[in-house]
Amino acid sequence: QQVLARVVLDACVTAAREATERWNSEEAARWWDDAVRAFDLLPAAERSPGDRDDLLVARVEALARAGRGQTVLDVVDAGLLDAVRDGRTSTAGRLAAALLRAAGAWPWVSYGKDPGPVLDRLAALEPFVAADRAAHARVLAALAVGSCYHPDSSVPDGMSRTALEIARGLADPDVVADALLGRILLYSGVATHSRESARLTDELLALPHQQARFDEVIAHAVASMTLMNLGDVDAATSHVRLGIAGCDLLRLPVLRVQLRWMEATLAAWHGDFAETRRHYDTATQFHLQTELYTAGSSDLATNTLEWEYGTLADADPGTVEPDSWSIAIAGARRDTATVIRDIEQWAAKGAPFTWTTLGHRTLIARVVADLALVDYAEMFLELLDPFTDRIATVGQVGVIGSVAEVCARLQALLGRTDAAAALLDRAEDLATRTSSPPTLLRCRLLRAQLRPDSPERSREIAAIADEAARTGMLGLAAYARSIP
């Protein structure tokens with residue numbers, strides 16, 4: 001039986017490696033799992049903990065590439081517990097590094113039914129790995145990403161910075177790559193860190209390391225979000241193409257779905273709403289084939305498209321920050337009393353700045369402008385002021401137009417026509433440079449509104465309403481027709 005176990009183990013490892021070389025991650029994960037089982041049947045004298053760890057980590061890496069988010073969480077949780085029991089700090093670090101890559105370009109807590117136990121496990125074992133600097137850097141990086149929704153954003157930020165400092169001090173490219181990736185994923189889609197993220201992504205792409213081929217695809221996917229937010233739509237499109245090529249070559253379903261969302265977001269910015277809908281439908285179907293379906297992405301994506309169409313009145317707020325969408329839906333119904341009540345509650349809550357924050361602040365600011373809620377205009381101008389050069393992306397799954405354009409509307413609401421015109425220039429420049437007909441149409445409407453009342457102004461507004469209706473922007477058309 002012992003001889004048979006060794007033969008089975010060798011056969012499983014060979015099959016797993018062959019599947020890995022073909023980037024068939026589902027098959028590789030199954031073979032690595034069989035290899036671990038065969039290993040456990042070997043005589044005690046032949047069972048080296050380090051060899052078993054190699055098999056386990058290889059299985060987790062394959063599961064991550066295959067999009068098995070919840071399975072990764074379960075396997076990592078059990079593996080971390082075993083590593084602590086046996087005093088194997090290196091294993092804990094390697095499992096934490098594999099966990100980082102479990103959700104593609106999004107934080108690993110995005111998927112799975114309940115990431116809480118793994119997050120608690122990581123927090124508990126941080127002191128255990130403190131003396132092993134490589135493991136410590138990796139655990140801190142994974143812990144930071146897992147804490148991306150912490151109410152005090154300085155907590156994950158501090159962990160991530162420490163991880164990167166430790167890694168750079170070690171000068172081990174694999175550990176540096178893990179810490180870099182950890183910081184990139186902590187701030188994936190977060191507008192306050194877009195410029196830092198762009199720099200770190202470039203550094204990761206230039207760093208030779210063991211996981212480079214997989215990490216390149218993750219980096220391209222994150223960069224597509226970052227650069228679109230920064231208004232470099234051509235570069236974002238290029239990263240999407242490179243990321244898709246990598247996904248197809250390496251068979252990475254999680255990242256391919258995320259890039260499908262990004263293709264839809266780019267199509268929406270360019271005004272091709274039919275293409276947006278097609279990508280959303282495809283992405284939703286692929287979500288159901290992996291362990292991605294708990295992320296709430298589909299509802300969020302659908303709502304951003306309903307906003308473009310102007311058909312939010314009958315929408316459902318969904319599960320991702322539903323308060324923001326409830327305000328937008330009430331606004332679409334012209335329910336001013338509910339909007340005012342909910343904005344007050346939203347403002348009182350406060351929250352850390354996450355991947356949805358800029359898009360949702362922009363969304364609510366549009367409601368304020370639509371309903372002429374003068375008392376709230378200044379608050380939203382202050383919230384959006386640092387981002388008037390940006391596109392209001394919601395991660396990879398949606399876009400709420402130009403920040404400068406909605407700020408121009410708020411300034412106009414306050415009677416500051418010069419400030420409104422300056423912001424409008426900025427929005428028009430961005431929309432022209434990046435080819436966004438929906439944004440240009442909104443800018444044209446505000447330009448017309450700022451002009452003195454005249455027959456020419458009325459004709460221009462009517463023409464804009466007709467064009468909006470033809471392109472499917474029914475809400476904009478209705479708003480234009482309501483202008484006296």
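Sequential numbering from 1 along the given sequence is applied to the chain's residues. What you see is a predicted model; the values in this text were computed from it and never measured.
- The structure places CG of L312 at 9.5 Å from CH2 of W307, a figure rounded to the nearest 0.5 Å.
- With W269 contributing its side chain and G401 its backbone, the two residues share no donor-acceptor pair below 3.5 Å.
- A distance-only check finds no donor-acceptor pair linking the side chain of Q211 to the backbone of R101 [under 3.5 Å].
- Ring geometry for F353 versus F387: interplanar angle of 30 to 60°, hence tilted.
- Within 6.0 Å of CH2 in W31 there are 12 or fewer heavy atoms belonging to other residues, nucleotides or ligands.
- We find that R333 and D314 are not joined by a salt bridge, their nearest charged nitrogen and carboxylate oxygen being 4.0 Å or further apart.
- At a threshold of 4.5 Å between non-hydrogen side-chain atoms, the residues V217 and R213 do not count as touching.
- Taking the six-membered ring for Trp and thresholds of 30 and 60 degrees, W106 and W355 have nearly parallel ring planes, at less than 30 degrees apart.
- Checked options R168, H209, R138, R133; the residue passing with V175 is R138 (criterion: side-chain contact (heavy atoms from CB on, under 4.5 Å)).
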Side chain to side chain contact (heavy atoms under 4.5 Å, CB included) evaluation trace for E308 with F273: CA-CA 8 Å; E308 284 282 17; F273 301 138; 3.8 Å; yes
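- Residues L186 and P107 have side chains not in contact (no heavy-atom distance under 4.5 Å, counting atoms from C-beta outward).
- By the 4.5 Å heavy-atom criterion applied to side chains, W346 and S324 are counted as neighbours.
- Using cut-offs of 30° and 60° on the angle between ring planes, the pair Y187 and H193 is parallel.
- Residues T338 and A330 come closest through the heavy atom pair CG2-CB, 3.9 Å.
- Panel note: side chain N303, backbone D316; a donor-acceptor pair is recorded below 3.5 Å.
- In this structure, CZ in R65 is found 6.5 Å from CD in E61, a value given to the nearest 0.5 Å.
- Shown here for P115 and L73, the closest heavy-atom pair between the two residues is CA-CD1, 3.9 Å.
- Of the N and O atoms on the side chains of T388 and R426, at least one donor lies less than 3.5 Å from an acceptor on the other residue.
- The shortest distance between side-chain heavy atoms of D385 and L381 does not fall below 4.5 Å.
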Listed pairs under 3.5 Å, donor-acceptor, residues 9-21 side chains, sequence neighbours left out:
| from | atom 1 | to | atom 2 | distance (Å) |
| --- | --- | --- | --- | --- |
| T14 | OG1 | D10 | O | 2.9 |
| T20 | OG1 | A16 | O | 2.8 |

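- Annotation for A137 and A163: closest pair O-CB, 3.4 Å, computed over non-hydrogen atoms.
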Evaluation steps, salt bridge (charged side-chain N to carboxylate O under 4.0 Å, His left out), between R85 and D82: CA-CA 5 Å; R85 282 175 179 155; D82 288 342; 3.5 Å; yes
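- Atom CG of D33 sits about 8.0 Å away from atom CG of L63, to the nearest 0.5 Å.
- Checked by atom type and distance alone, the side chain of H150 pairs as donor or acceptor with a backbone atom of D152 at under 3.5 Å.
- W261 has its side chain within reach of S297: a pair of non-hydrogen atoms, C-beta onward, lies under 4.5 Å apart.
- Proximity of R256 to P253: side-chain heavy atoms (C-beta onward) are nowhere separated by under 4.5 Å.
- Counted by atom type alone, R183 and S160 present one or more donor-acceptor pairs between their side chains at under 3.5 Å.
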D34 vs V8, side chain to side chain contact (heavy atoms under 4.5 Å, CB included): CA-CA, chis, key distance, verdict: CA-CA 9 Å; D34 289 343; V8 171; over 6 Å; no
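- One finds a salt bridge joining E275 and R278 here, because a Lys/Arg side-chain nitrogen approaches an Asp/Glu carboxylate oxygen to under 4.0 Å.
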Evaluation steps, side chain to side chain contact (heavy atoms under 4.5 Å, CB included), between L207 and V176: CA-CA 9 Å; L207 179 68; V176 172; 4.0 Å; yes
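- The distance from the CZ atom of R52 to the CG atom of L42 is 11.0 Å, given to the nearest 0.5 Å.
- Contact between P386 and L383 at its shortest, heavy atoms only, is CD-O, 3.7 Å.
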Derivation of the side chain to side chain contact (heavy atoms under 4.5 Å, CB included) call for D53 and R88: CA-CA 9 Å; D53 291 345; R88 301 195 309 280; 2.7 Å; yes
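- A donor-acceptor contact shorter than 3.5 Å links the side chain of T276 to the backbone of A268.
- Considering OG1 of T356 and CG of L363, their distance stands at 10.5 Å, rounded to 0.5 Å.
- Looking at every heavy atom in both residues, T89 comes nearest to F128 through CG2-O, 3.6 Å.
- Side-chain atoms of S402 come within 3.5 Å of backbone N or O of E405 as a donor-acceptor pair.
- Side-chain atoms of H220 and E216 include no donor-acceptor pair closer than 3.5 Å.
- Residue N229 forms a side-chain contact (heavy atoms from CB on, under 4.5 Å) with just one option from I391, V403, L358, V190, and that option is L358.
- Summarising the local packing, CZ of R47 is surrounded by more than 12 heavy atoms from other residues, nucleotides or ligands at distances under 6.0 Å.
- Proximity of a side-chain donor or acceptor of D342 to a complementary backbone N or O of I327 within less than 3.5 Å is not detected.
- R68 places no side-chain N or O within 3.5 Å of a backbone atom of E26 that could act as its donor or acceptor partner.
- In plain terms, the two heavy atoms of L204 and A219 that are nearest each other are CD2-CB, 4.3 Å.
- In Q345, the CD atom is crowded: over 12 heavy atoms of neighbouring residues, nucleotides or ligands sit closer than 6.0 Å.
- T265 contributes a side-chain N or O that, together with a main-chain N or O of Q396, makes up a donor-acceptor pair within less than 3.5 Å.
- Formation of a donor-acceptor pair under 3.5 Å by the S238 side chain with backbone atoms of D234 is not found in this model.
- Classification of E263 and R277 as a salt-bridged pair fails, no side-chain N sitting under 4.0 Å from a carboxylate O.
- Of the N and O atoms on the side chains of S436 and T434, not one donor lies less than 3.5 Å from an acceptor on the other residue.
- Here the NE2-CG distance, from H279 to L305, works out to 12.5 Å after rounding to the nearest 0.5 Å.
- Ion pairing between D370 and R442 fails under the 4.0 Å rule for side-chain N and carboxylate O.
- With contacts defined as side-chain heavy-atom distances shorter than 4.5 Å, the pair L384/T362 qualifies.
- The number of heavy-atom neighbours closer than 6.0 Å to CZ of R37, taken from other residues, nucleotides and ligands shown, is 12 or below.
- Counting heavy atoms from C-beta outward, L255 and F214 have side chains that approach closer than 4.5 Å.
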